[in-house]
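Right, one structure below, let's go through it.
If you're wondering where the values come from, they're calculated on a predicted model, not measured in any experiment.
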Amino acid sequence: MFKGIDFYSDTMTKPTVEMKNAMLNAEVGDEQKGEDPTTLALEEMVAQMFGFETALFLPSSTMCNQIALKLHTEPGDELLAADNCHLFFAEAGGPAVHSALMAKPIFTTNGIFSGEDVLKTYRKIRGPHYPVSKLVSIENTTNMGGGVAWELESIREVLNVSKELGLKTHLDGSRLFNAVVKTSTPVKEIVKDFDTVTLCLSKGLGCPMGALLAFPKKHFEKVRRLKQLFGGSMRQSGIVAAAGIYALQNNINRLAEDHANATLLARKIHEELPLLKIETTNPSTNMVFFSWTGQKMSPTQFNELCIANGIRFSPVGENRFRAVTHLNISKEDVERAVKLLKHVLLHDAPIAKYE
């Protein structure tokens, strides 16, 4: 297990003592039979927060996304989404495997696209020879696009065009509350008019696992069956559902701290570490992207040296690194990490003991 300052992802978060206590005291039952009271309470809580009729608790946001795709489409249909979205780059080809979908990427620089982009990408031609554009998915925040939060106006534009074209819409809101905090927009306003919405609990919200899919009640029987089909049904899931309830009650507003720490890290890299090329000194939320420009070693060697010195980033390209701030990264950790990075760049070697 890595022991150091871990910027690899906000999935590195660990439950706090308070969250563990909530889990310890959770009332439980058989979730497959709909008898786990804590799971039911979490599902009702999220449905009300989102203004949806119902929600189901699932092991992961990837499973939520894949069930949503299966719900809205038939084999051979087209999925429209940003070319660098999680559905396309990090779900193991799930859209093709589970739903037999064709990917129709919308090429972007930051994962944000417009209604006009949807109109251009949508397949207008009809006939027995052609696949049918069926679903549009938005990722908010955009992860590989830079952790960018969508502005409400842009979301509305995409939804309006999608509705005019008869397209179903899904929101991959794995980091949805980062977007809520960044844009100061109520979550109900962001998710309004989407057909389905995913919420992940195990990233910035700090839970050990779990996600929810919100959707209209008329789809409940099908979604519940897909949950079983995809292997997502559980037994006494209230133990982990309790962590979700705690997180939604206590860990949303504190996401602003993660955003502030990401901005601090980006600024310090830009000002104090000239061999690292920062993509933006003003990150939207909790992600900082940069590349290695030094000549003495390769990007891979740089990454290995960082790990040896007690700093871990996420390599997301041949020479692209992602640093993600989260509740287990403090301002002091950011400052310490910059100090350690200076050592890496100065000495090109690990110190004997990271401290």
- Query: Would you say the side-chain atoms of Ser314 and Ser9 include a donor-acceptor pair closer than 3.5 Å?
  - Reply: no
- Message: Looking at every non-hydrogen atom in both residues, tell me the closest pair between Trp150 and Asn140 and how far apart they are.
- Response: N-OD1, 3.0 Å
- Is there side-chain contact between Leu69 and Leu79, with at least one heavy-atom pair below 4.5 Å? yes
- Using distance alone, with no hydrogens and no angle criterion, decide if Asn65 and Glu91 have a side-chain donor and acceptor under 3.5 Å apart. yes
- Task: State whether the side chain of Thr280 and the backbone N or O of Asn282 hold a donor-acceptor pair below 3.5 Å, judged by distance alone.
- Result: yes
- Item | Phe230 CZ: over 12 foreign heavy atoms closer than 6.0 Å | yes
- Task: Verify the neighbour count for atom NE2 of His270: are there more than 12 heavy atoms of other residues, nucleotides or ligands below 6.0 Å?
- Result: no
- State plainly whether the residues Lys342 and Glu272 are in salt-bridge range, i.e. N to O under 4.0 Å. yes
- Any side-chain heavy-atom pair from Asp195 and Phe215 closer than 4.5 angstrom? no
- Query: Which heavy atom in His170 sits nearest to a heavy atom in Leu135, and how many Å separate them?
  - Reply: N-CD1, 3.9 Å
- Message: If the threshold is 4.0 Å, N to carboxylate O, is there a salt bridge linking Asp10 and Arg175?
- Response: yes
- Query: Is Val324 linked to Val334 within one hydrophobic cluster, defined over Ile, Leu, Val, Met, Phe, Trp and Tyr using a side-chain heavy-atom separation of less than 4.5 Å?
  - Reply: no
- What is the distance from atom CZ of Phe113 to atom CD1 of Ile106, rounded to the nearest 0.5 Å? 4.0 Å
- Indicate the atoms forming the closest heavy-atom contact of Ala214 with Phe50, along with that distance. CB-CD2, 3.8 Å
- Message: Please report the interatomic distance CG(Leu340) to NE2(His343), rounded to the nearest 0.5 Å.
- Response: 8.0 Å
- With a cut-off of 6.0 Å (strictly less than), are more than 12 heavy atoms of other residues, nucleotides or ligands near CG of Asn25? yes
- Taking the side chain as every heavy atom from C-beta outward, state whether Tyr246 and Asn21 have any pair of such atoms under 4.5 Å apart. no
- Message: Taking Ile278 as the starting point, is it possible to reach Val148 by hopping between hydrophobic residues whose side chains are less than 4.5 Å apart?
- Response: no
- Message: Run the side-chain contact (heavy atoms from CB on, under 4.5 Å) test on Ile138 and Thr169 for me, step by step, so that the C-alpha distance in whole Å, both residues' side-chain angles and the decisive distance to 0.1 Å come before the verdict.
- Response: CA-CA 8 Å; Ile138 281 176; Thr169 54; over 6 Å; no
- Query: Which one of His72, Lys134, Lys168 satisfies the side-chain hydrogen bond (donor to acceptor under 3.5 Å, both in side chains) criterion with Asp77?
  - Reply: Lys134
- Count the heavy atoms of every other residue, nucleotide or ligand shown that sit under 6.0 Å from CD of Gln228, and state whether that count exceeds 12. yes
- Query: Any salt bridge between Glu279 and Arg320, counting N to O under 4.0 Å?
  - Reply: yes
- Message: Can you confirm whether the side chains of Asn178 and His259 place a donor and an acceptor under 3.5 Å from each other?
- Response: yes
- Query: For the side-chain contact (heavy atoms from CB on, under 4.5 Å) test, which of Ile252, Thr285, Asp258 pairs with Val181?
  - Reply: Ile252
- ILVMFWY cluster, Leu276 and Val316 together (side-chain gap under 4.5 Å): no
- Message: Any non-hydrogen side-chain atom of Phe220 less than 4.5 Å from a side-chain atom of Lys222?
- Response: no
- If we only count heavy atoms from C-beta on, is the Pro208 to Met23 side-chain gap below 4.5 Å? yes
- If you draw a 6.0 Å radius around NZ in Lys218, do more than 12 non-hydrogen atoms from other residues or ligands fall strictly inside? no
- Message: Pair Thr300, Asn303 - check side chain to side chain donor-acceptor pair (under 3.5 Å), show working.
- Response: CA-CA 5 Å; Thr300 299; Asn303 185 54; over 6 Å; no
- Task: Before accepting this row, confirm whether a basic side-chain N of the pair Glu78/Arg123 lies closer than 4.0 Å to the acidic partner's carboxylate O.
- Result: yes
- Message: Other residues, nucleotides and ligands only: do more than 12 of their heavy atoms fall within 6.0 Å of CZ on Arg225?
- Response: no
- Task: Indicate yes or no for a side-chain donor-acceptor contact from Thr198 to the backbone of Leu213 under 3.5 Å, with no hydrogens or angles considered.
- Result: no
- Shortest non-hydrogen contact between Cys200 and Leu205, atoms and distance: O-CD1, 3.7 Å
- Would you sort out whether Glu271 and Arg267 count as a salt bridge (Lys or Arg N to Asp or Glu O under 4.0 Å), showing the intermediate values? CA-CA 6 Å; Glu271 294 175 354; Arg267 179 174 58 79; 3.4 Å; yes
- Message: Quick test of your reading of the model: are Arg156 and Asp193 salt-bridged, counting only N-O distances below 4.0 Å?
- Response: yes
- Item | Side-chain donor/acceptor of Lys104 to backbone N/O of Thr121, under 3.5 Å | yes
- Are Phe177 and Met49 close enough, and set up right, to give a side-chain contact (heavy atoms from CB on, under 4.5 Å), and what steps lead you there? CA-CA 11 Å; Phe177 282 104; Met49 290 179 77; 3.6 Å; yes
- Note on the structure: On a heavy-atom basis, the closest approach of Asn328 and Met12 is OD1-O, 3.9 Å
- Message: Could you check whether any side-chain heavy atom of Cys85 comes within less than 4.5 Å of a side-chain heavy atom of Asp172, counting everything from C-beta outward?
- Response: no
- Item | Chi angles and distances behind the side chain to side chain donor-acceptor pair (under 3.5 Å) call for Ser237, Thr39 | CA-CA 6 Å; Ser237 59; Thr39 299; 2.6 Å; yes
- Note on the structure: CE of Met144 to CG of Asn110, rounded to nearest 0.5 Å, is 13.0 Å
- Query: Distance only, no hydrogens: is a donor on one side chain within 3.5 Å (strictly under) of an acceptor on the other, for Asp333 and Ser330?
  - Reply: yes
- hydrophobic_cluster_shared for Val180 and Leu152, side chain cutoff 4.5 Å: no
- Task: Compare all side-chain heavy atoms of Ser202 with those of Thr13 and state whether any distance is below 4.5 angstrom.
- Result: no
- Message: So, applying ring-ring contact (aromatic ring centres under 6.0 Å, His included) with Phe321, which one of Phe289, Phe302, Trp292 is it?
- Response: Phe302
- Please check if the side chain of Glu43 supplies one atom and the backbone of Phe57 the other of a donor-acceptor pair under 3.5 Å. yes
- Message: With side-chain contact (heavy atoms from CB on, under 4.5 Å) as the criterion, how do Met19 and Asn251 come out once you've worked through the C-alpha distance, each side chain's angles and the decisive distance to 0.1 Å?
- Response: CA-CA 10 Å; Met19 182 178 284; Asn251 288 351; 3.8 Å; yes
- Message: Within this structure, what is the OG1-CG distance for the pair Thr325 and Asn286, rounded to the nearest 0.5 Å?
- Response: 4.5 Å
- Message: How long is the straight-line distance from CG of Asp83 back to OG1 of Thr109, given to the nearest 0.5 Å?
- Response: 9.5 Å
- Task: Establish whether Val344 and Ile5 are linked, either directly or via other cluster members, by ILVMFWY side-chain heavy-atom contacts under 4.5 Å.
- Result: yes
- Message: Quick check: closest heavy atoms across Leu305 and Met297, and the distance to 0.1 Å?
- Response: CD2-CE, 3.7 Å
- For the residue pair Val223 and Ile67, establish whether any side-chain heavy-atom pair is separated by less than 4.5 Å. yes
- Query: Given Leu212, which of Leu248, Leu56, Leu201 fulfils the side-chain contact (heavy atoms from CB on, under 4.5 Å) condition?
  - Reply: Leu201
- Task: Report yes or no: do His86 and Ser174 form a side-chain donor-acceptor pair below 3.5 Å?
- Result: no
- Enter the distance from Leu176:CG to Leu199:CG here, rounded to the nearest 0.5 Å. 6.0 Å
